[in-house]
Amino acid sequence: MPIVEKHDTVFFKNRREQLVDLIKKQYPDANNGIVLLFGSFESHAVFKQERSFFYLTGIEEPATALMIDLENKKTTLFVPNYAQERAKWASSAIFAEQKERFGFDELMYLGQECKGYQCHPFFTKEQYHNLLVIIDECVKNKKPIYTLNPQTVSGYVEQRFILQRIAQLISGFNSQLIDISPLVARLRRTKSRQEIEYIYKAIDVTIDAHDAVARAISADKKEYEIQALLEYMFTVRGCSIAFPSIVASGKNGTVLHYHQNNATLQNGELVVVDIGAEYNYYCADLTRTFPVSGTFSKRQRELYMIVLETQEHIAQLAQPGMWISNKEYPEKSLIHLAHKFLDKYGYGNYFVHGIGHFLGLDVHDVGDYSQPLQPNDVITIEPGIYIPEEKIGIRIEDNYWIVEGEAICLSEDLPKAPDDIELAMANTSNEEINNEEIQEQEN
Ligand code: GLY
Ligand code: MN
């Protein structure tokens, strides 16, 4: 079970208060109505709580719901009525303790007893009876229901599914819904010191994994052997993967989200390693490109230096007031500036993805890209050059904390100059080191 840090009651409670303040600012007549948010459901995949729900509640249990009554700011955590079954199968979540720990005013069952130990998206009317009664009352009184319901092709899909399920059970429900996803995104985008620390811990673990990777890479190994090592390095430090690990050698390195990881490393090729640990729900996202042989060829080094200089150039420019992408102001838009820089060398067309993204509870974190960078954003900067005909993919990605007047690199301890990469790889022979690494972690 990955690490989850314990927090004071006020930690999540403060966030809920900030959200209520934002809602009241945005909707001045929001003195009645409710905020209604839903956690994710469980399946046979690894359970990950919906990130905004976690951000506002701290609750890691599936099929839970949060209601805030805006008239009196009373918060209620709704939990499934599993009777005694859940403790036998999944966890012994003691909800009564969580009520105190996370600062809820009230704890209620969603409805009548569920069969078994799980609730599912097609829940029955009976299983959600108690919550439905309250919602029905709201709808009858034409009170607004503030929830996560963006009208976009993706985003909060599971939560929107739950809303649709409720709409099947309560007529008039949909017309009371007001989407607050932009407000939640605004809150989540600006990181507190504590959140920066969590991201930094995720970065620290990811740096150690990259270090082990540098020493392990050699011809004839499978990409998945490298994946196994780096994911071991995450797990042994209480972390999980923030996203599927990419270990992409040769031409695979030109496939941006390559996940097969089953090719054999070959001398003369490069290998793109794009990985991130998740610590206490917060993500890192760091990419390095290694020469399988341990030494860059002249051509590889030439291209690598262009990518590196592009990243350094963009990192120098990143600061409040610049945009990650804004075609109206190309002179202040990092993606346009990166293309302009690469164009000087003739490689603008070989950079085929965005320059970066917000980073936080999600690896591609929420945040409004139409707004310029602001203090306490955390972003990635990740230029690349991809030339399939030459079987060359190169990407360099670091994580930056935006502060007044600059971007602070949170991952500067991870080598990236070509000489330093070669040095890290040459740092003695691999098997021995990997064994030592494992021993060290075990002690
Ligand atoms: N690390 C993968 C991505 O940023 O899309
Ligand atoms: Mn990224």
Side-chain angles (χ1 to χ4, degrees), residues 210 213-214 216-227 230 243-276 285-315 324-325 327 330 333-357 364 380-398 415-422 424-425:
H210 264 300
V213 161
I217 284 173
S218 63
D220 300 331
K221 280 202 175 140
K222 292 286 189 184
E223 293 165 342
Y224 54 69
E225 291 180 68
I226 305 302
Q227 177 189 356
L230 72 91
F243 56 89
S245 305
I246 298 170
V247 182
S249 62
K251 196 170 179 181
N252 300 333
T254 67
V255 179
L256 304 178
H257 282 177
Y258 171 81
H259 293 140
Q260 285 85 347
N261 295 356
N262 57 8
T264 307
L265 306 189
Q266 303 199 15
N267 273 334
E269 291 185 343
L270 295 174
V271 52
V272 175
V273 180
D274 181 345
I275 58 174
D285 185 5
L286 299 173
T287 309
R288 288 293 180 266
T289 303
F290 302 92
V292 171
S293 68
T295 311
F296 289 96
S297 70
K298 190 159 171 276
R299 173 70 174 154
Q300 289 166 348
R301 188 177 268 260
E302 173 203 8
L303 292 170
Y304 188 96
M305 283 309 298
I306 294 170
V307 177
L308 182 55
E309 280 169 25
T310 308
Q311 195 207 38
E312 284 166 350
H313 175 65
I314 297 303
I324 290 180
S325 175
K327 60 179 184 310
S333 162
L334 300 181
I335 183 69
H336 292 84
L337 291 162
H339 273 285
K340 193 170 165 200
F341 190 86
L342 282 162
D343 278 340
K344 281 195 311 195
Y345 296 94
Y347 290 105
N349 289 340
Y350 293 86
F351 174 34
V352 291
H353 53 78
I355 189 64
H357 49 84
H364 285 204
T380 67
I381 299 180
E382 47 178 309
I385 289 179
Y386 307 91
I387 313 179
E389 329 57 283
E390 292 187 48
K391 294 192 191 167
I392 286 184
I394 298 172
R395 180 161 63 254
I396 304 173
E397 176 177 27
D398 285 273
K416 67 179 159 184
D419 287 349
D420 293 338
I421 296 263
E422 289 178 359
M425 296 183 76

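Here, residue 1 is the first one in the sequence, and each next residue gets the next number.
Considering CD1 of I314 and CD of E382, their distance stands at 12.5 Å, rounded to 0.5 Å. Going from atom OG of S249 over to atom NZ of K222 covers 9.5 Å, rounded to the nearest 0.5 Å. One finds the CD1 atom of I355 at 7.5 Å from the OG1 atom of T310 (value rounded to the nearest 0.5 Å). Atom CD1 of I385 is separated from atom CZ of R395 by 12.5 Å, given to the nearest 0.5 angstrom.
Judged by distance alone, with hydrogens and angles left aside, the side-chain atoms of Q311 form a donor-acceptor pair with the main-chain N or O of I381 at under 3.5 Å. Between the side chain of K416 and the backbone N or O of I396 there is no donor-acceptor pair closer than 3.5 Å. Without hydrogens or angle criteria, T380 side chain to H357 main chain gives a donor-acceptor distance under 3.5 Å. Within the 3.5 Å criterion, the main-chain N or O of L286 finds a donor-acceptor partner in the side chain of H210. At least one donor-acceptor pair under 3.5 Å links the side chain of N261 to the backbone N or O of V247. A donor-acceptor pair under 3.5 Å links the side-chain atoms of E223 to the main chain of N262, judged by distance alone.
Counting only heavy atoms from C-beta outward, the side chains of M425 and P291 approach each other to under 4.5 Å. Under the 4.5 Å side-chain criterion, counting only non-hydrogen atoms from C-beta, F351 is not in contact with V307. Between R288 and I421 the shortest side-chain heavy-atom distance falls below 4.5 Å. Looking at L308 and P418, their side chains come closer than 4.5 Å, going by heavy atoms from C-beta outward. At a threshold of 4.5 Å between non-hydrogen side-chain atoms, the residues Q300 and I392 count as touching.
Within a 6.0 Å radius of CG in D419, more than 12 heavy atoms belonging to other residues, nucleotides or ligands are found.
Between E422 and R301 there is a salt bridge, with a side-chain nitrogen of the basic residue lying less than 4.0 Å from a carboxylate oxygen of the acidic one.
Residues F296 and T289 share a closest heavy-atom pair of CZ-O, 3.7 Å. Across all non-hydrogen atoms, the minimal contact from G393 to L270 is O-CD1, 4.0 Å. Minimum interatomic distance between V271 and I217 (heavy atoms only, all atoms of both residues): CG1-CD1, 3.6 Å. Y386 and T254 get closest at one heavy-atom pair: CD2-CA, 3.8 Å. Closest approach of G268 to S293, counting heavy atoms only: N-CB, 4.4 Å. Of all the heavy atoms in L230 and S245, the pair that sits closest is CD1-OG, 3.6 Å.
Annotation: F341 is not in aromatic contact with H339 [ring centroid separation under 6.0 Å not met]. Taking the ring centroids of F243 and H364, they lie at or beyond the 6.0 Å cut-off.
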Show, in sequence, the C-alpha distance, side-chain angles and deciding distance for L265 and I226, and conclude whether the side-chain contact (heavy atoms from CB on, under 4.5 Å) test is met. CA-CA 10 Å; L265 306 189; I226 305 302; 4.1 Å; yes
What's the verdict on side-chain contact (heavy atoms from CB on, under 4.5 Å) for K221 and T264, showing C-alpha distance, side-chain angles and the deciding distance? CA-CA 6 Å; K221 280 202 175 140; T264 307; over 6 Å; no
Pair D274, T287 - check side-chain hydrogen bond (donor to acceptor under 3.5 Å, both in side chains), show working. CA-CA 4 Å; D274 181 345; T287 309; 3.2 Å; yes
Derivation and outcome, side-chain contact (heavy atoms from CB on, under 4.5 Å), residues Y350 and L303: CA-CA 11 Å; Y350 293 86; L303 292 170; over 6 Å; no
